Amino acid sequence: MRLIFLGPPGAGKGTQAKLLTEKYGIPQLSTGDMLRAAVAEQSDVGKRAKAVMDAGQLVSDEIVNEIVSDRIDSPDCSKGFILDGYPRTVPQAVALGKMLEDKGLRLDAVIELKVDEVALVRRMENRVAETIAAGGKVRSDDNPEAFRKRLVEYREKTAPLSQHYAATGELKTVDGMASVETVTSEINKILASASADA
Ligand code: AP5
Ligand code: MG
């Protein structure tokens, strides 16, 4: 099972990817999490990415393409993986297509979570409150200014991917405004029909 989650910041990509990880026993490949780990380690990539991420902008295609290409070669990805937050630009989608072709792999589904932008700001605020309540560290890009920029970046650079994957026939859309449980069950229906077609 190889799939992509598309959707704006706060759409629920990470929430749903984590649930599928448990169900299918395949890893969640969140480029955001990988970049945050690189920032925490203060690696070269982390040092280059930090200011860009804090400002709510996208890290260069070159950096994320390399991270993903290396990651999908890991043994734990042999049964599949869930891409959460990658690809995020048309050039990344083209690079991923080439990567998969070179490795002899194909995608089972591209799932877009459709959500209304007003709700996204509220979800980000909820996530901040929950993180603080749990004694965790709030993401440095979960503040109104960076979040606004993340939405602009999404609209300008990531939203065109829906067209890209609609054209390849791989795009499936789910109403991300429904409850977490309903969204999961809609995704499971899509995946059941994708595996029946395979
Ligand atoms: P990334 O970490 O990918 O952040 P994002 O896309 O902005 O998305 P979020 O993680 O904020 O949202 P999500 O969709 O995962 O929602 P979640 O499940 O948490 O990227 C961060 C940064 O890294 C980027 O800005 C960029 O700088 C860099 N980056 C990463 N990938 C890159 C790439 N490919 N190219 C270039 N740069 C890249 O849910 C949000 C909240 O809502 C949670 O509190 C959750 O509990 C709640 N929630 C979830 N579902 C529901 C529901 N159905 N109903 C009600 N609440 C819900
Ligand atoms: Mg996420």
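Small disclaimer: the values here were computed from a predicted structure and weren't measured. The residues of the chain are indexed from 1 along the displayed sequence. Below, all heavy atoms of this structure are taken into account, side chains as well, without hydrogens, waters or symmetry copies. Just follow the structure's listing: the first ligand is 1, and inside any ligand the first atom is 1.
Within the 4.0 Å heavy-atom criterion, neither part of Ser60 lies near ligand 1. At a 4.0 Å heavy-atom cut-off, ligand 1 does not touch Glu153 at all. The backbone and the side chain of Met53 each have at least one atom closer than 4.0 Å to an atom of ligand 1 (non-hydrogen atoms only). No part of Asp61 comes within 4.0 Å of ligand 1, judged by heavy-atom distances. Contacts between Ala178 and ligand 1, counted as non-hydrogen atom pairs separated by less than 4.0 Å, involve the backbone only.
At the top of the distance list for atom 7 (O) of ligand 1, counting protein heavy atoms only, stands Arg150 NH2, 2.8 Å. Looking only at protein heavy atoms, the nearest one to atom 4 (O) of ligand 1 is Arg139 NH2, 3.1 Å. Nearest protein heavy-atom contact of atom 16 (O) of ligand 1 is Gly12 N, 3.2 Å. For atom 46 (O) of ligand 1, the closest non-hydrogen atom of the protein is Thr15 OG1, 4.1 Å. Protein heavy atom in closest approach to atom 29 (N) of ligand 1: Leu35 CD1, 3.5 Å. For atom 27 (O) of ligand 1, the closest heavy atom belonging to the protein is Gln57 O, 2.6 Å. Distance from atom 56 (N) of ligand 1 to its nearest protein heavy atom, with residue and atom name: Arg123 NE, 3.5 Å. The nearest heavy-atom contact from the protein to atom 24 (C) of ligand 1 is Arg88 NH2, 3.8 Å.
The pair Glu117-Arg155 meets the salt-bridge criterion, since a charged nitrogen lies less than 4.0 angstrom from a carboxylate oxygen. Using a cutoff of 4.0 Å between basic side-chain nitrogens and carboxylate oxygens, Asp44 and Arg48 are not scored as salt-bridged. Taking a cutoff of 4.0 Å between a charged side-chain nitrogen and a carboxylate oxygen, Lys189 and Glu186 qualify as a salt bridge.
Residue nearest to atom 34 (N) of ligand 1, selected from Ala49, Ala51, Gly85, Ala17: Gly85 (by heavy-atom distance). Compare Val59, Thr31, Thr184 by their heavy atoms: the one nearest to atom 31 (N) of ligand 1 is in Thr31. Proximity annotation for atom 8 (O) of ligand 1: of Lys50, Lys13, Glu130, Lys13 comes nearest, heavy atoms only. Comparing Gln92, Met124, Arg127 against atom 35 (N) of ligand 1, the shortest heavy-atom distance belongs to Gln92.
Using modelled atom types and a 3.5 Å distance limit, the side chains of Thr158 and Glu153 yield no donor-acceptor pair. Side-chain atoms of Ser185 and Thr182 form no donor-acceptor pair, as typed in the model, at a separation below 3.5 Å. If you check the side chains of Gln28 and Thr21, you find no donor sitting under 3.5 Å from an acceptor.
When all heavy atoms of Leu120 and Phe147 are compared, the pair lying nearest together is O-CZ, 3.7 Å. Across every non-hydrogen atom of Ala146 and Asp54, the tightest pair is CB-O, 3.5 Å. The heavy-atom pair separating Pro8 from Val115 by the smallest distance is CG-CG2, 3.5 Å. Shown here for Val59 and Ala49, the closest heavy-atom pair between the two residues is CG2-CB, 4.0 Å.
There is a path of hydrophobic side-chain contacts, each under 4.5 Å, that joins Ile82 to Tyr24. Leu35 and Ile72 end up in the same hydrophobic cluster when Ile, Leu, Val, Met, Phe, Trp and Tyr side chains are linked at under 4.5 Å.
Contacts of Arg139 classified as salt bridge (charged side-chain N to carboxylate O under 4.0 Å, His left out), with partners at least two apart in sequence or in another chain: Asp141.
For ligand 1 and Ala11, the ligand atoms under 4.0 Å from any heavy atom of the residue are 14 (O), 16 (O). Atoms of ligand 1 found under 4.0 Å from any heavy atom of Val180, numbered from 1 in the order shown, are 50 (N), 51 (C), 52 (C), 53 (N). Close approach of ligand 1 to Gly14 (heavy-atom distance below 4.0 Å) involves ligand atoms 13 (P), 15 (O), 18 (O). Heavy-atom contacts of Tyr86 reach the following atoms of ligand 1: 34 (N) (cutoff under 4.0 Å). Proximity to Gly176 (heavy-atom distance under 4.0 Å) selects the following atoms of ligand 1: 53 (N). Which parts of ligand 1 touch Arg36 is read off a 4.0 Å heavy-atom cut-off, strictly below it: atoms 2 (O), 21 (C).
The neighbour count for Lys103 NZ, taken as heavy atoms of other residues, nucleotides or ligands under 6.0 Å away, is above 12. Within a 6.0 Å sphere centred on CG of Asp116, heavy atoms belonging to other residues, nucleotides or ligands number more than 12.
For ligand 1, none of its N or O atoms has an N or O atom of Asp33 under 3.5 Å away. Remark: ligand 1 and Val52 share no N or O pair separated by less than 3.5 Å (distance only, no angle test).
A heavy-atom separation below 4.0 Å is found between Ser179 and ligand 1. Residue contacts with ligand 1 include Gly10, since one of its heavy atoms falls under 4.0 Å from the ligand.
Residue pairs meeting the salt bridge (charged side-chain N to carboxylate O under 4.0 Å, His left out) criterion with at least one partner in residues 5-32, sequence neighbours excluded, do not occur; the list is empty.
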